[in-house]
Amino acid sequence: MILRECPSVEKVQCHLASLLDLSHQHSRQREGIALAVGLASTKHLEEVWALLEHLGRTKFLQSVAATEDSQDEILKSSFLSATILLTRSLQAEYSSQRYKFTQTPELIQCLLGILQKEPNSLTNFLRQKIILVIIGLSNLRPRFKPLLKSQILKTCLQTVYMLPPAKDSRNDLFSVEQASDTTVLYKKTVRALDLLLQNFISENPSMDEVCFLLQHIEYWLMSDKIHERSRAVQSIYLLLQYVVDSLKLAKEAVPSLLGHQIGILILLWRDKDKITQQHSHFCVYLLMELVFQQKGKLVESAQWSKMKHFESNVFREWEMKLYHLVKVFKEDLTVAQHTQLILTLVHSLGSYNHLHSDLAAKLLLLICVEPGFRKEQIAELLQGLFQELPNIQSKSVQQAISQATLALGTQHIQEVVEVILSLCQPSERWILPLWKALAANYQVARDVITLLYIKLKLRPPRRLLQSTYRARLVSLMALGTIYELLYTKEYRNTVCWAFSGILLGLLTELYYLLEVGLVQGLFDYQEDDLGSKPLGPCRICLEALKGLFWTTEYWEVFADVKLIQGWELFGQLETFPKGVTLLARAMAHYNCEIKAVLGQALISLKSSEERDNIVGICIITEFLNSPDVSQHMSWKTMYNSLNLGLSSRNQMVRAMSLKGLGSTLMHPKKATLLRSKLMELLDNFLQPEFKDPAGLMKIMGHLLHCLSAQGIGIVSLKIAQHLLSLFTDERAAVREGAIFLFGDVIHYGGKKLRQSLKDVASQATVPLLFNMADPCQEVAMKARFTFLRCAILLKWEFRKELFGKLAWGQGLGAANDIFIYMLESNVGNYQQFLSQALTYLDSSHMTVKLAAMKFIGALLQDYFNDLCIYLRKKDVIFLKNCLEALRHDTDSRTRRFYLNYWNDAVELSYYVQD
C-alpha cells in the first residue's frame, strides 16, 4: 500500500525489484508478493508492467514453460493466483483503455500448458479456474488473434470433452460424497467452457464468429465416443441459445461454412444417443433462426413452421419433415452455403455409420429431386459423388445416388453430361455408375447419347491439337464414353434407337483421327485382349465401330467384315473408303437399319465437311444395290442427292456419285442387259475346260452384285451348284474365288428359291469345314467367311458362338466346338456329312485329309448311336471300303486312323438296318 501511494517512480521500481527477488518457496510468500505487485500496479501500471515483462523474459515465465513436467500442484495454484490478481488489476476501469498487455500470448501458452498436463480426471477446480482466467485475459487489450483463439479452443475443448463420462466415475471406488463432488466439479468446469464460448461470440457478434467457434467443436461432433459427441452438441446448443436470446449479429456476414456445419448437425439427428439427437435438432433450428434474423425475416416461413414443430417419429411425418427442411434450406441459405451443405452430405455417404449415410442419402435425394436445382451446384455435387463412389458399399445409398443423378439429369441434362465428361477418362470404372443412373429414364438416356453425338463432332483443326490439349479434347472424351456405353446393358435400347447417328458419327470421327494423325497403337492390340493397356483414340474409335454391331442384333455385320479382314481397311485414309463400302455391303446383306442409315448418309452428303461427304456417298452407292432401298427412299430424292455429289470438290465423291447414278436402281433397263451378259458368262463358266475361271468368277461376282437389287432367280441356283464342284479344284485361286462367290450367290435367288439354296448351302458345309484347313491361307479365310454365311442362312444354333470360334479360336478346342455346333444344328444329316467327309480321305492336301479324318473319327466316337439310326447298309459298306483303302497308306497318321476306327466300322455294321 505504501508503494501504491509513493509518488517517486524510481523508489517504486527499486522496491518492487527487491520484493520480487525475495524467496518464492512458500505459497503464502508468493501470494503476498503477488498482492503487493497488484496493489502497486493500480497507480503505477506502466512501471510495474515493465518490471514484470523484464522478469518474465529472464526468469519466471520461461521457467514455467521449460519445466512444465516438474510443476507440482502448489506451484500451479500459485501461478494461477498471481495470474488472477494480475488480470483483476489490468481490468480496472480507469486503466483498461490506457494500457496494452502485450505478453498475453505468452501467459496464455503457460496456462494452456498446465491444462494439457492435467490428468484425464476431475479432482480440483484447476480447469475451471484456468478457463475463467483466459476469459478475463480475453477482455484485455489487445484482443486475441485468431491463431491464439484456435489454440485456446482446441486445448479447452479437449481437456473438458475427453473427461470420462459420469457413469464411469460412479463405477470407480468413490464414496457417494466423492461422486457428488466430481459432479459439481464437472458442471462448473463445463459452465466455464460455455462462458468462454459466450465471451468469444460477445466480443465479435457475427455469423463468422459463430462458424469459427463451431468449426473447432466440429471435430468432437464426429467422435466415435457417445459422451464426447453429446458434450459437443450441448455446447453448441447453449452457445446458439445465448446468441439468439442475447445478441444481435452483424448482417453483412454470410459464411459458406455455415452450410457445412448445418449438415454435420443434421446427421446427428440419427445419433444413437437420444439427448444428442434432441440437441442437434435444436441446434439446426437455432442456426436457421440466426439466418432468418440476418435476412431480416420478421415472420417465419410456412415451411419452417411446419418443420419446426414436427416431433413425431412416425415414418411418414419424418419424411415430410425432411421435405420441408429441404425447401427451407433452398429458400434461405445462400448458394454457397447450400452447396457446402450438399457436399457435407455427399462426403457422409461413405460413412461407416450406416444411420448417417442413410440420412445423408435421403436428404441428398430430396435436394436433387426438388425442382429448380441450381446449375452452378452441379459440378461440385457430381465431383463429390465421383470421389465418394469407391467408398460406398450400401446398396440403398448407391440406389439413392443413382436416383439423385437421374433427377439432376432430368432438370439439367446438358450440364450433367458436360461435368461427367470432365471428371476423368471414360474408361475409369467409377464413372460408369453415373452414366448408368441417367439411363434409368429412356428420354434422359436418349438426351445423353444425343449430346455425346454432338460433342463427338466438335473436332478442332490439326493446328490446334497440341499434346496437352489433345488429352482433354471434348470429341475424344465423348468418343471414349460412347465406346463404354455400347457395352453397358442399360443403354442397349438407346443405342439401337440412335444406331444410324452413332454409326455415321464414328465413321467420320475415325476419318478425322486418321487425317490429324492420331493413329498411335492402332494395330498394336489383339481384339480379345483390349484391356492390357490404354487404347489410343483411333483404336477406341475402331473398336467402338465394331462394338456398335457386336452389341446390337447386327453382330452378323461385324462378323462378315471381320472374316474377310475388312476392319483392317479402316486403318489408313487410302483404304478407308473401301472399308466403308464393305461395311455398307454387309449391312445391306443383313438388312441392317437401311432406312435410318440411308437417311443419315443423305444428310452427310449435304454437309460442308468432305469427310462427311465421303462416308455418306460410300454408304449410299452401296445401298443402291440393296433390294430394300427403294422402299425407303424415292427415285427422285436419290437422284437429286447423287447429282449434288457430282458438284463436290472431292474427286472420290464425284466418282462415287457418278457410279451411283449408273446403278440398276437408277436405270432399271440396264438390269436386262446385265442379265443377258450374265447368262452368256454362265455358259462359259459351265464349260469344263474354261481357261480363267478365277477371273470369270470375279466378273460374275460384280454382275451379281449390280443385279442384287432386282434378283437373278434360277441363275443363282445353277451358279451355286457349279461352284460346289470347284471347292476341291487344284488351283488355289479357283478354290478361293468359288468359295467367296458361293457366299454371295446363296442370297441372290430371292424368296422363291430360298429353300433350294438352303439345300445347296447344307451340301457345302462339310467341304467348307475342310477348306478351313487348306494350305492356302486365303482359301481358309474365305472358307470361314462362307461357312458362317451358310450357318446363318440355315439358322443354326449357337451362330454367334460359332463366329467367335471361327474368328479367334485356336487349336483342338476351337475345332471341337465348331464340330459340335455343326452337328447339333444338323440332326438327321449325319449320313450326308459322313459320305461327304469320306470323299476327302484321298485329298491331295494333307491338312485337308487330316481334317477329314478328325471329323470322321469324332463322328464315329461321339455320334455312334445316331449313326446306327441314320445310316444304311450301303453307307457302312462305303465306310469300310474307304477305311480299307487306308490300310497300307505310306503315311503313319493315316494307318493309325485306320487302326483306331476300323473296329468301330465293323461294330456299326452289326447295328445298321437296311
Side-chain angles (χ1 to χ4, degrees), residues 450 453 457 496-508 511 554 557 576-678 702-713 744 747-751:
T450 301
Y453 171 76
K457 302 187 75 172
C496 292
W497 167 79
F499 184 92
S500 59
I502 297 174
L503 173 63
L504 272 293
L506 291 174
L507 286 171
T508 50
Y511 195 93
Y554 303 114
V557 176
F576 185 89
K578 186 178 179 182
V580 176
T581 299
L582 286 177
L583 179 61
R585 184 172 299 179
M587 292 176 66
H589 182 85
Y590 291 106
N591 194 24
C592 172
E593 298 286 342
I594 299 295
K595 181 180 180 180
V597 174
L598 184 60
Q600 287 288 333
L602 290 173
I603 294 173
S604 296
L605 195 57
K606 299 174 184 177
S607 170
S608 58
E609 296 284 349
E610 284 192 8
R611 69 177 75 94
D612 293 343
N613 302 155
I614 292 171
V615 170
I617 193 61
C618 288
I619 292 174
I620 292 170
T621 305
E622 196 56 41
F623 276 10
L624 289 174
N625 296 314
S626 168
D628 302 309
V629 73
S630 59
Q631 302 173 17
H632 308 307
M633 201 68 61
S634 67
W635 184 92
K636 184 177 180 180
T637 301
M638 195 65 68
Y639 180 80
N640 291 337
S641 299
L642 293 171
N643 263 334
L644 178 64
L646 291 177
S647 60
S648 172
R649 293 171 297 175
N650 187 278
Q651 181 181 356
M652 179 187 298
V653 175
R654 295 197 301 271
M656 296 290 283
S657 299
L658 190 61
K659 178 182 177 182
L661 286 168
S663 66
T664 57
L665 185 67
M666 304 306 295
H667 296 279
K669 293 181 179 180
K670 188 176 179 180
T672 304
L673 297 174
L674 293 178
R675 279 198 190 91
S676 176
K677 188 63 179 175
L678 180 61
H702 177 68
L703 290 178
L704 289 169
H705 183 60
C706 292
L707 288 167
S708 58
Q710 285 76 17
I712 56 174
D744 283 334
H747 287 274
Y748 289 146
K751 293 182 179 179

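Heavy-atom basis, side chains included; hydrogens, waters and symmetry copies ignored. All residue numbers in this chain count up from 1 along the given sequence.
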One pair to check against side chain to side chain contact (heavy atoms under 4.5 Å, CB included): Y511 and D612. What are the steps and the verdict? CA-CA 9 Å; Y511 195 93; D612 293 343; over 6 Å; no

Which atom of [X] lies closest to which atom of [Y], heavy atoms considered:
X    : Y    : value
R654 : R649 : NH1-O, 3.1 Å
Q600 : S500 : CG-OG, 3.4 Å
S648 : N613 : OG-OD1, 4.4 Å
V580 : V615 : CG1-O, 4.1 Å
S604 : G616 : CB-CA, 4.2 Å
L674 : C706 : CD1-CB, 3.9 Å

How about [X] and [Y]: do any of their side-chain heavy atoms sit closer than 4.5 Å?
X    : Y    : answer
F499 : C592 : yes
I614 : M652 : yes
V653 : L605 : yes
E622 : N625 : yes
L646 : L642 : no
L602 : M633 : yes

Value rounded to 0.5 Å, distance of [atom1] in [X] from [atom2] in [Y]:
X    : Y    : atom1 : atom2 : value
T621 : K659 : OG1   : NZ    : 6.5 Å
N650 : S657 : CG    : OG    : 9.5 Å
T664 : L673 : OG1   : CG    : 11.5 Å
I620 : L624 : CD1   : CG    : 7.5 Å
L598 : I619 : CG    : CD1   : 9.0 Å
L583 : L507 : CG    : CG    : 6.5 Å

Would T508 and K457 count as a side chain to side chain contact (heavy atoms under 4.5 Å, CB included) if you check the C-alpha gap in whole Å, the side-chain angles of each, and the deciding distance to 0.1 Å? CA-CA 9 Å; T508 50; K457 302 187 75 172; 5.7 Å; no

Hey, is CD on Q651 packed in by over 12 heavy atoms from elsewhere, all under 6.0 Å? no

Go through the steps for V557 and H589 under the test side chain to side chain contact (heavy atoms under 4.5 Å, CB included), then give the verdict. CA-CA 8 Å; V557 176; H589 182 85; over 6 Å; no

Salt bridge (charged side-chain N to carboxylate O under 4.0 Å, His left out) involving R611 - partner list, sequence neighbours excluded: E515, E609

Provide the full list of ring pair (Phe, Tyr, Trp, His ring centres under 6.0 Å) pairs with a residue in residues 593-648, sequence neighbours left out, each pair given once. W635-Y639

Is there a donor-acceptor pair closer than 3.5 Å between any side-chain N or O of T581 and the backbone N or O of P577? yes

Take H705 and D744, measure what side chain to side chain contact (heavy atoms under 4.5 Å, CB included) needs, and give me the verdict at the end. CA-CA 8 Å; H705 183 60; D744 283 334; over 6 Å; no

